[in-house]
Amino acid sequence: MSDFLPGLEGVPATKSAISFIDGEKGILSYRGYPLETLAENSTFEETTLLLLDGELPTKKALNDFSQQLKDNYRIKYHIRQMMRHFPHTGHPMDMLQTAVSSLGMFYPGTECLTDANSCEDLDYVRNMTVNIIAQMAPLVAMWEHIRNGWDPVNPKHDLSVAENLLYMFNGEEPDPLMAKIMDVCLILHAEHTLNASTFAALVAGSTLATPYSVISAAIGTLSGPLHGGANQRVVGMLQEIGSPKNVESWVDEKLKNKEVIWGMGHREYKVKDPRATILHKLVEQLVAERGGHLDDMFDTALKLEEVCADRLGHKGVYPNVDFYSGILYSEMGIPEDEFTALFAVARSAGWLAHWREQISDNRIYRPTQIYVGSDMRDYTPIEER
Ligand code: COA
């Protein structure tokens, strides 16, 4: 029997051609393209097609795909009604998981998934994929209005996923800088090899569950604070620290109490996460243009990064993707508890790319365990216990 490795660290659980990480050098690529290149030149729509199909699309393929997404922005009336009945205190990730799993009842048709080793109906796979990716952002934005007792803003079918997301959130079309930043954020969060939520998606997908169940499993897994849930905690942490001059004593106190610093550390990276480097530059750009209260939060973040490098650098603990994203989202008018839901919007592209890869060469996941319980024993009747 093989050794048990807690957290399955370093244990290959699948073969995949979708993305690649070199954690020592701080490299992340999607289908062989460096993330930095995609962040600079691509769009979320194009990156999604690249993840799904493996190649950069032609202009026509991209236009068709973007149009298909736009045609799917609208959320069905009954789902909107259902959301009105959710408790308004419900967390956006719980709302999203519930709403996405309910989509499975509104968009049935899983016939092609009944053959365990192939999914021949590629139209079904593509249609469900488009349907889910297109509806994630509207669901998140609608919830912000519904939970505040307002009518949701209807989607605008001529806007990109990033533009429409901000439009449905704020009720007005975003300026080009904000739209570009949101688009880059979506690209950066779209895929990240076999993280916990993608693994959850693969396990669910391997049972030939519907893509709605697959994405629902992944959303639930992403919600935990050790995974996507960290980003919502970073802004609160920076506010709690308050100013660069408080950073050193704050970090020392946390480390003394064996508490984690949110947005720091990653299983795969032993250097600064390349996504954090790109987000760092975006915050710099925004601070240069907008300044104000952003300056304080950014200065505190910079000092925190410096102090953590000093105290935790020898353990390979540096800023991860969640460290700078919250600062950007706050500036876009997005409440903190919606940050992880935005992560899910983007990651739906990667999850579905992995789902498709899984079902095209499927074997159900069924790992083993090392039993550490008692030997066989006699049952004692309750009167004698
Ligand atoms: N703050 C303080 N110490 C940290 C840390 C953090 N954020 N992240 C890791 N460390 C320390 C651990 O305490 C451990 O120290 P030790 O060897 O003295 O016990 C060492 O670094 C290795 O960390 P470990 O927890 O074993 O790494 P992991 O691969 O199991 O966990 C995370 C990775 C992401 C769960 C972990 O870094 C973490 O909790 N980060 C904060 C949450 C977060 O930002 N998550 C988002 C990830 S994108």
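In listed order, ligands and their atoms are each counted from 1.
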**Asked** What residue and atom, counting heavy atoms only, is the protein's closest point to atom 47 (C) of ligand 1, and at what distance?
**Response** N320 ND2, 3.6 Å

**Prompt:** Could you state the interatomic distance from CG (L279) to CG (L286), rounded to the nearest 0.5 Å?
**Reply:** 11.5 Å

**Message:** Pairs of nitrogen or oxygen atoms closer than 3.5 Å, one from G263 and one from ligand 1: do any exist?
**Reply:** yes

**Message:** Is atom 13 (O) of ligand 1 near the protein, in the sense that some protein heavy atom lies at less than 4.0 Å from it?
**Reply:** no

**Prompt:** Any side-chain heavy-atom pair from M182 and L342 closer than 4.5 angstrom?
**Reply:** yes

**Message:** Nearest non-hydrogen contact with atom 8 (N) of ligand 1 belongs to which option: M264, H192, K254?
**Reply:** M264

**Asked** With only distance considered, is R275 within less than 3.5 Å of ligand 1 through an N or O on each side?
**Response** no

**Request:** Would you confirm whether any non-hydrogen atom of the protein falls under 4.0 Å from atom 37 (O) of ligand 1?
**Result:** yes

**Request:** Give the residue, atom name and distance (to 0.1 Å) of the protein heavy atom nearest atom 34 (C) of ligand 1.
**Result:** G265 O, 3.6 Å

**Request:** Using a cut-off of 6.0 Å, state whether more than 12 heavy atoms not belonging to E172 lie near its atom CD.
**Result:** no

**Message:** Distance under 4.0 Å to a non-hydrogen atom of H266: what atoms of ligand 1 satisfy this?
**Reply:** 37 (O), 48 (S)

**Asked** Can a protein heavy atom be found under 4.0 Å away from atom 25 (O) of ligand 1?
**Response** no

**Fill in**
Smallest heavy-atom separation, G313 atom then Y318 atom, equals CA-OH, 3.5 Å

**Request:** Determine if the distance from atom 22 (C) of ligand 1 to the closest protein heavy atom is below 4.0 Å.
**Result:** no

**Message:** Centre-to-centre under 6.0 Å for H280 and F298, is that the case here?
**Reply:** yes

**Message:** Can a side-chain donor-acceptor contact be found between S16 and E357 if the only test is distance below 3.5 angstrom?
**Reply:** yes

**Message:** Under 3.5 Å between any N/O of E259 and any N/O of ligand 1: does that happen in this structure?
**Reply:** no

**Message:** Please verify the inter-ring angle class for Y365 with F199; under 30° counts as parallel, over 60° as perpendicular, anything in between as tilted.
**Reply:** perpendicular

**Message:** In the structure I gave you, are the side-chain heavy atoms of I278 and E40 within less than 4.5 Å of one another anywhere?
**Reply:** no

**Prompt:** Counting from 1, what ligand 1 atoms have a heavy atom of L226 closer than 4.0 Å?
**Reply:** 39 (O), 45 (N), 46 (C), 47 (C)

**Message:** Looking only at protein heavy atoms, which one is nearest to atom 43 (C) of ligand 1, and what is the separation?
**Reply:** A230 CB, 3.4 Å

**Prompt:** What is the closest protein heavy atom to atom 29 (O) of ligand 1, and at what distance does it sit?
**Reply:** R267 NE, 2.7 Å

**Asked** What residue and heavy atom of the protein are closest to atom 10 (N) of ligand 1, and at what distance?
**Response** V317 CG2, 3.7 Å

**Message:** What's the separation between atom CG in D378 and atom CE in M376, rounded to the nearest 0.5 Å?
**Reply:** 11.5 Å

**Asked** Looking at atom 31 (O) of ligand 1, is any protein heavy atom nearer than 4.0 Å to it?
**Response** no

**Item:** Quiz item: cation-pi between R233 and F323, 6.0 Å / 45°
**Value:** no

**Message:** Show the atoms of ligand 1 that are less than 4.0 angstrom away from any heavy atom in V260.
**Reply:** 1 (N), 2 (C), 6 (C), 7 (N), 39 (O)

**Prompt:** Please walk me through it: do H192 and F343 pass ring pair (Phe, Tyr, Trp, His ring centres under 6.0 Å)?
**Reply:** CA-CA 12 Å; H192 207 229; F343 191 154; 8.8 Å; no

**Prompt:** To the nearest 0.1 Å, how far is atom 19 (O) of ligand 1 from its closest protein heavy atom, and which atom is that?
**Reply:** K315 NZ, 4.8 Å

**Asked** Got the closest protein heavy atom to atom 42 (C) of ligand 1, with its distance?
**Response** W262 CE3, 3.7 Å

**Item:** Heavy-atom protein neighbour under 4.0 angstrom from atom 6 (C) of ligand 1
**Value:** yes

**Region of L312 that comes within reach of ligand 1 [heavy atoms, distance under 4.0 Å]** = side chain

**Request:** Look at R356 together with D53 and state whether they make a salt bridge at an N to O cut-off of under 4.0 Å.
**Result:** yes

**Request:** Give a yes/no on ligand 1: does K258 have at least one heavy atom closer than 4.0 angstrom to it?
**Result:** no

**Close aromatic pair by centroid cut-off 6.0 Å: Y30 and F20** = no

**Request:** Could you tell me whether K156 sits above the aromatic face of Y167, with NZ or CZ closer than 6.0 angstrom to the six-membered ring centre and within 45 degrees of the axis?
**Result:** yes

**Asked** Which protein heavy atom lies closest to atom 1 (N) of ligand 1, and at what distance to 0.1 Å?
**Response** I261 N, 2.9 Å

**Fill in**
At under 4.0 Å between heavy atoms, what of E9 touches ligand 1? The answer is neither

**Request:** For R377, look at atom CZ and say whether over 12 heavy atoms of other residues, nucleotides or ligands are found less than 6.0 Å away.
**Result:** no

**Prompt:** For ligand 1, which part of D322 has a heavy atom less than 4.0 Å away: the side chain, the backbone, both, or neither?
**Reply:** side chain

